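What follows is a single structure, written as structure tokens, with notes after it.
Note that the structure is predicted; figures quoted are calculated from it, not measured. Indexing begins at 1, ligand by ligand and atom by atom, following the structure's order. In what follows, every heavy atom counts, from backbone to side chain, and hydrogens, waters and symmetry copies are set aside.
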Amino acid sequence: MADYQLLINGELCDAASGETLETYNPANNEKLADLPKAGKQDAVRAIEAGRKAFDEGPWPALSGPERAEKLRAIGALINDNQAELAELEALDSGGTIRKASLADVPGAVQAFEWFAKMAEEQPAKVDLPVAVFPESTNYALYEPLGVCTGIIPWNFPFLMAAWKIAPALAAGNVSIIKPASYTSITALKLAQLITEADLLPPGVLQVLSGPGGSVGEELASNPLVDKVAFTGSTEVGRRIMQLASGTVKPVTLELGGKSANIVLDDADLDQASAAVLWGTFFHGGQVCESGTRALVDKKIYDEFVGVLADKSGKILLGDPMDFMTDIGPLVHRSQAETAERYCALGRDEVGEPICGGAKPEGLPEGLDVNAYFQPTIFTDVPNSAKIAQEEIFGPVLCVIPFESDDEAVAIANDSIYGLAGGVQSSNLERAEGIAARMRTGTVWINDYHMISPDRPFGGYKQSGVGRELGTYGYDIYRQVKHVHVNAESSGRDNHLQYTALSSNI
Ligand code: NAD
């Protein structure tokens with residue numbers, strides 16, 4: 001039997017096949033747990049249970065405030081179990097306990113609270129102004145979509161699960177979540193906590209750990225599914241779009257990035273260097289919106305690069321369970337190999353990095369050095385270089401010089417991605433002017449990584465489709481129905497006179 005269980009139709013269970021997948025702690029490469037390896041059969045069972053829960057169950061018929069109460073209860077449940085959830089998240093993903101305790105778990109609670117507020121405050125019926133057919137009243141009904149699936153990546157497993165579950169449930173949908181195979185524990189743990197607390201009717205929330213190729217493909221293509229929300233790589237995002245197109249399902253895609261953090265010549269160098277280093281190396285660079293291209297004005301370039309090199313040496317790599325550690329291992333040895341491969345490419349393209357470029361030395365005993373990679377900075381990188389164009393998803397920063405604000409904007413926008421970016425400057429008017437010209441879903445001025453559930457998040461171009469969070473992230477889980485009521489309840493429809501048919505019937 002697996003150490004954790006799937007949640008299907010209100011029951012915690014093993015995979016139908018009985019198969020399991022092993023999950024490892026990347027910090028020491030020791031096995032953490034056996035997880036159920038769901039397959040297509042489990043996915044179909046969950047989708048059918050979800051369909052039934054939506055079509056026949058009480059959940060979609062609850063009022064917004066009633067659903068809000070349940071969401072708040074889930075938030076409180078996470079809060080009550082925050083220490084265990086944070087520990088599991090750090091052990092399973094390699095992210096630091098500091099990040100898990102201060103960002104991931106509280107961020108998930110905030111997501112449930114925000115979408116509870118949406119369920120409470122966003123009206124389900126809105127009167128529409130009538131301009132063309134004055135002899136009628138018109139209104140819009142906001143309704144849930146139905147069975148919503150969420151397929152999520154390994155970099156912020158618990159937070160991404162919350163971002164998919166909370167808005168779907170708040171709007172009256174049912175939700176089926178598939179976490180990434182490296183990092184499924186905390187989504188399964190949440191399913192267990194919610195089930196034991198008996199917070200939701202059967203089939204309203206279901207969680208399936210299993211491969212993307214079988215479970216994920218079913219969740220994206222099954223005709224009984226009404227919406228797919230996907231966070232992950234652009235490559236798999238394209239596949240999700242294809243799969244969903246078979247039955248024309250709406251999709252939300254949160255995909256990759258290669259964000260530019262622009263440092264203007266009037267920036268405070270201490271603050272800007274912190275924004276650049278934190279903006280890139282937080283969580284070992286395994287963040288979709290990382291500012292992995294630092295665009296630096298030539299007038300301050302040499303001085304700024306010196307500050308970056310200096311400060312990057314102070315970043316502490318180590319045991320993720322130590323609260324003082326800045327960066328733990330990458331999620332898996334393979335991710336460190338990817339970083340290594342890109343560094344070799346970078347050496348060919350632009351020469352030696354000014355720091356990093358290898359696995360770290362002197363890690364505390366017991367840690368798996370093969371899963372770690374040093375913060376690495378390449379300078380004088382042409383924006384056309386592969387290391388400046390391709391998402392590495394590791395701790396690798398490209399510093400790119402520019403001569404004018406126009407050139408900075410052009411370089412920033414010269415990417416297939418458009419997820420996020422930053423502008424560091426002491427002149428807010430200038431910075432906001434640049435922000436307005438950046439083709440990205442988010443821009444942080446004199447800051448970085450500031451994401452919260454009350455503000456929209458998502459990408460331009462190949463970084464995605466749609467926006468999660470904010471009020472936008474609630475509306476993507478709702479249908480809009482227009483209801484037209486003829487003012488004359490009996491007798492001839494006074495609008496038929498406008499049609500050619502009216503005189504004959
Ligand atoms: P991935 O695309 O490899 O996998 C994401 C999820 O999709 C996993 O659950 C995986 O099992 C599943 N999957 C894989 N193949 C599938 C298929 N054919 N059909 C259905 N599902 C399938 O991504 P990853 O490696 O887990 O995560 C890293 C990527 O996620 C990076 O590109 C990063 O930029 C992106 N990301 C984006 C955001 C955002 O909000 N824009 C946030 C976090 C991560």
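A cation-pi contact, defined as under 6.0 Å to the ring centre and within 45° of the axis, is absent between K359 and F373.
By the salt bridge (charged side-chain N to carboxylate O under 4.0 Å, His left out) test, D104 pairs with K99, sequence neighbours left out. Looking at residues two or more places apart in sequence or on another chain, you find a side chain to side chain contact (heavy atoms under 4.5 Å, CB included) between S233 and E235, V236. A search for ring pair (Phe, Tyr, Trp, His ring centres under 6.0 Å) contacts involving H449 returns W278, F282, not counting sequence neighbours.
In summary, D326 and R98 engage in a salt bridge, as defined by a charged side-chain N under 4.0 Å from a carboxylate O.
For ligand 1, residues of the protein lying within 4.0 angstrom by heavy-atom distance are I151, I152, P153, W154, N155, K178, P179, A180, G212, G216, E217, F230, T231, G232, S233, V236, R239, I240, E254, L255, G256, C288, E391, F393, L419, F457.
Side-chain contact of Q122 with Y474: a donor-acceptor pair under 3.5 Å is absent, judged by distance alone.
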